[in-house]
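Below: the structure, in C-alpha cells.
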Amino acid sequence: MASILRPAPTSLNKSLSSARLFCPNPNSFATINPSRRNHSKCNALASEIFEDFLQNALHLDESNPLFPFLRYGFNQIEGVTAALPENGRWGILTAAGLIWVYLTVRPGVLMGAVDAYLLAPLQLGLDSLTGRRNLKMTDFVVGERLGEGSFGVVYSGAIVPKNFVLEERVGKAKRRVENDDRFTERVILKKVKVGTKDAEEFGDYEEWFNYRVSRAAPESCAEFLGSFIADKTSLEFTKGGKWLVWKFEGARNLADYMNNRNFPFNIESIVFGRILEGLDPIKKSALIIKQIMRQIITSLKRIHDTGIVHRDIKPTNLVVTKKGQIKLIDFGAAADLRVGKNYIPDEGLLDPDYCPPELYVLPQETPNPPPEPIAAILSPLLWQLNSPDLFDMYSAGIILMQMAVPSLRSTTALKNFNSELKFASYDLRKWRELTSSKPDLRVLDLDSGRGWDLATKLIARRGFLRRGRLSAAAALRHPYFLLGGDQAAVVLSKLSLNK
Ligand SMILES: Nc1ncnc2c1ncn2[C@@H]1O[C@H](COP(=O)(O)OP(=O)(O)OP(=O)(O)O)[C@@H](O)[C@H]1O
C-alpha cells in the first residue's frame, strides 16, 4: 500500500538522485556551503540533460546495456571538471557534449568503432570456435537454381546430414533437396562467378556486408552462415570459386506473392497468422499492405541507423518467412557510409525500376572515400548534408504504389509508371492528374488519404539539402502508421495462437 501512496519518481527526481549517487561525497550535497550546493545543482541539471539526451535523442533507456557505461563516462568527466571554476567547467562540459553528439548522430562513429574494433573481432573469434568460419564444399548439397545476377548464381541447397554417403550426396540427391526429408536444414547458396570481371570483389563485399548486418540488424536480414572456397571442380563447383551461404528463410519473395492475381490476400494468413474476418476487401488489402510496409520501413530504419544504405530495395530482394516476417536480402550493392565501404561515387549498380531519379546515394562530385578511419570521422557531416538513406525510401515508395495499385504490378506497367513519373517531374500528385491509366487508388485513399500522402512523401525529388523525402524514422511516425489496425491484427493473431 505504501508504495501506492508514494509519489511516482519523475525523471527530474531520478536525475537528482542519480546525481547524488555519483557525487564524490554524497553528504556534501545538502550540508556544505551554498556555492557547493549550487555546484551540485548544476551537476544534477547536467546529469538530467545528459539522461534526457540518452533517452530521447539516442533512444537508449536504462535497460540498454550501454547505458551504465555512458553514465559512468559522463560522471567521470564531471568528476574531472569538478575542481574547475564554473565557466571553465561548463565550457568543457559543452565541448564534451558536442563531441559526444557528433560521435553518436547518424551514422554513429562511436558505435562504428565499437563494432569494428570489438564486435567484429568477437564475432570472428566466436565463429571460428564454433566452426562457422570453416565451412567446406562437402558440407552442402546444391539443388535447384533460383536466379542469376551479374556476379553470382543463386541455388537452393541443404546442409549434408552427418553420416550421409558421399556418392549419394553428389549424384542422386542433386535437385531433390527441396522434397527430400533427409535434408532438414535448407540453405541458399550463391556461387560467385569465376572469371567475370569484378565478380570476386563483389562477392567479398557481399560477404563483408552480410557479417556487418548480422551484427547491426540480425532480425531484419536473412541469416548469413558464412562462405567457403570450392576445393575441386565437380558439378556446379569450380575449384577456387567462392560460395556464400545463408539460412533458407522462405520459399517465396514479395515479388512472387505480388505476381499472383490474388495479392495481397495470398499473403494475409502468413502475415497475420490467420484470415481477417468481417472486413471489406479494400480495408483488408489496406491492412495487409500496411503491415508489409511497416516491416520494410522498420528494417530500413535499422540498417540506416548504422550507416548502411541497401541501394537495391525491390520485391525480389524481400524474402517472406513462414512466420510472416519480411527479410532483406542481397546486400551486394549496399554501401556503408560510415566507413565508405562499397561506396564508389560514379557507379550506379541499380535496378532502374526502383531507383530514385538522383541515381546515386551521394552527389557524383563527392570525392572518393578516404581511408576508413578518416571516412568514419567525416561520416556524420556527409550523412547530415546528403541524407543518403532517402535513396532506399524512394524504392520503398515504389513498392507501396505497386502493392496498393494492382495495375502497376506487372513489369511493363511499372516501366510505364516510371516514364509517366519522369514526365510529371517525380511529383506523384501531378502524376495522378496527368496519367491516362485510371489507376485504382482506393487502398491509398482510405482514412482520409493517409496512404496516398505517405506515397507522395516517399516518391519525390530531393529538395533543399538533398532532403524532400521522408526518412524511415519519419515515415514510421507518419499518420498512416499511427492508426495501427495492422499491428492490432498481428497482436490478436499471436494471442490466439498462444491460447
Ligand atoms: N536467404 C534466403 N532465403 C530464401 N530465399 C532466398 C534467400 N536468399 C535469396 N533467396 C531467393 O533467391 C533469389 C535470388 O537471390 P539474390 O537476389 O540474392 O540473387 P542475385 O543473384 O543478386 O539476383 P538479382 O541480381 O536478380 O537480385 C531471391 O529473389 C530469393 O527469392
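In this structure, NZ in K247 is found 10.5 Å from CD1 in I159, a value given to the nearest 0.5 Å. Taken to the nearest 0.5 Å, the CZ atom of F183 stands 10.5 Å off from the OG atom of S156. Separating the CH2 atom in W383 from the NE2 atom in H304 is a distance of 6.0 Å, to the nearest 0.5 Å. Between the CG atom in D392 and the CG atom in D312 there is a gap of 9.0 Å [rounded to 0.5 Å]. Summarising the geometry, atom CG belonging to L337 is positioned 12.0 Å from atom CG belonging to L378; distances are rounded to the nearest 0.5 Å. We find the CD1-CG distance between I292 and L287 to be 11.0 Å, quoted to the nearest 0.5 Å.
Ion pairing of R469 with E358 is present here, as a side-chain N (NZ or NE/NH1/NH2) and a carboxylate O approach within less than 4.0 Å. Classification of E207 and K242 as a salt-bridged pair holds, one side-chain N sitting under 4.0 Å from a carboxylate O. By the 4.0 Å N-to-carboxylate-O rule, R432 lies close enough to D445 to be salt-bridged with it. Ionic pairing of D353 and K415 is present here: one or more N-O contacts between side-chain nitrogen and carboxylate oxygen are shorter than 4.0 angstrom. A salt bridge links D453 with K457: at least one charged nitrogen is closer than 4.0 Å to a carboxylate oxygen. D139 and K162 are not joined by a salt bridge, as no carboxylate oxygen comes within less than 4.0 angstrom of a charged side-chain nitrogen. Note on R311 versus D330: no salt bridge recorded, every NZ/NE/NH1/NH2 to OD/OE distance being 4.0 Å or above. A salt bridge between E200 and K193 is absent, with no side-chain N of the basic residue lying under 4.0 Å from a carboxylate O of the acidic one. Salt-bridge annotation for R429 and D427: absent, with no side-chain N of the basic residue lying under 4.0 Å from a carboxylate O of the acidic one.
Contact detail for M401 and A455: the closest heavy-atom pair is SD-CB, 4.0 Å. Here the closest heavy-atom approach between residue P107 and residue G307 is recorded as CB-CA, 3.4 Å. Across all their heavy atoms, P388 and L362 have their closest contact at CB-CD2, 4.1 Å. Taking every heavy atom of both residues into account, S214 and P218 meet most closely at O-CB, 3.5 Å. Of all heavy-atom pairs between S425 and K430, the closest is OG-NZ, 3.9 Å.
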- Message: The test is side-chain contact (heavy atoms from CB on, under 4.5 Å); show your working for M393 and I297 and say whether it passes.
- Response: CA-CA 8 Å; M393 298 313 291; I297 296 185; 4.1 Å; yes
- Item | side-chain hydrogen bond (donor to acceptor under 3.5 Å, both in side chains) evaluation trace for S220 with R302 | CA-CA 8 Å; S220 292; R302 287 191 189 124; 2.6 Å; yes
- Give the C-alpha distance, both sets of side-chain angles, the deciding distance and a yes or no for salt bridge (charged side-chain N to carboxylate O under 4.0 Å, His left out) between K284 and E268. CA-CA 9 Å; K284 206 193 248 201; E268 175 184 6; 3.2 Å; yes
- Task: Under the side-chain contact (heavy atoms from CB on, under 4.5 Å) rule, what do I313 and F391 come out as? Steps first, then yes or no, please.
- Result: CA-CA 9 Å; I313 292 295; F391 188 98; over 6 Å; no
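Taking the six-membered ring where the residue is Trp, F202 and F151 present tilted rings, their angle falling between 30° and 60°. Between W243 and F237, the ring-plane angle classifies as tilted under the 30° and 60° cut-offs.
Taking the centre of each ring, F228 and F140 come in below the 6.0 Å mark. Aromatic ring centres of W431 and F423: separated by at least 6.0 Å.
Applying the salt bridge (Lys or Arg N to Asp or Glu O under 4.0 Å) rule to pairs touching residues 209-219 yields D115-R215, R212-D336, sequence neighbours excluded.
Counting only distance, with no hydrogens or angles, the side chain of T321 and the backbone of Q325 share a donor-acceptor pair below 3.5 Å. At least one donor-acceptor pair closer than 3.5 Å links the side chain of Q295 to the backbone N or O of G324. Side-chain N or O atoms of R409 include none that pairs as donor or acceptor with a backbone N or O of M258 at under 3.5 Å.
There is a side-chain donor-acceptor pair under 3.5 Å between Q402 and Y354. A donor-acceptor contact closer than 3.5 angstrom is absent between the side chains of R338 and S379.
Within a 6.0 Å radius of CD in E148, more than 12 heavy atoms belonging to other residues, nucleotides or ligands are found.
By the side-chain contact (heavy atoms from CB on, under 4.5 Å) test, N260 is found to be paired with N262, N266, residues two or more places apart in sequence or in another chain being considered.
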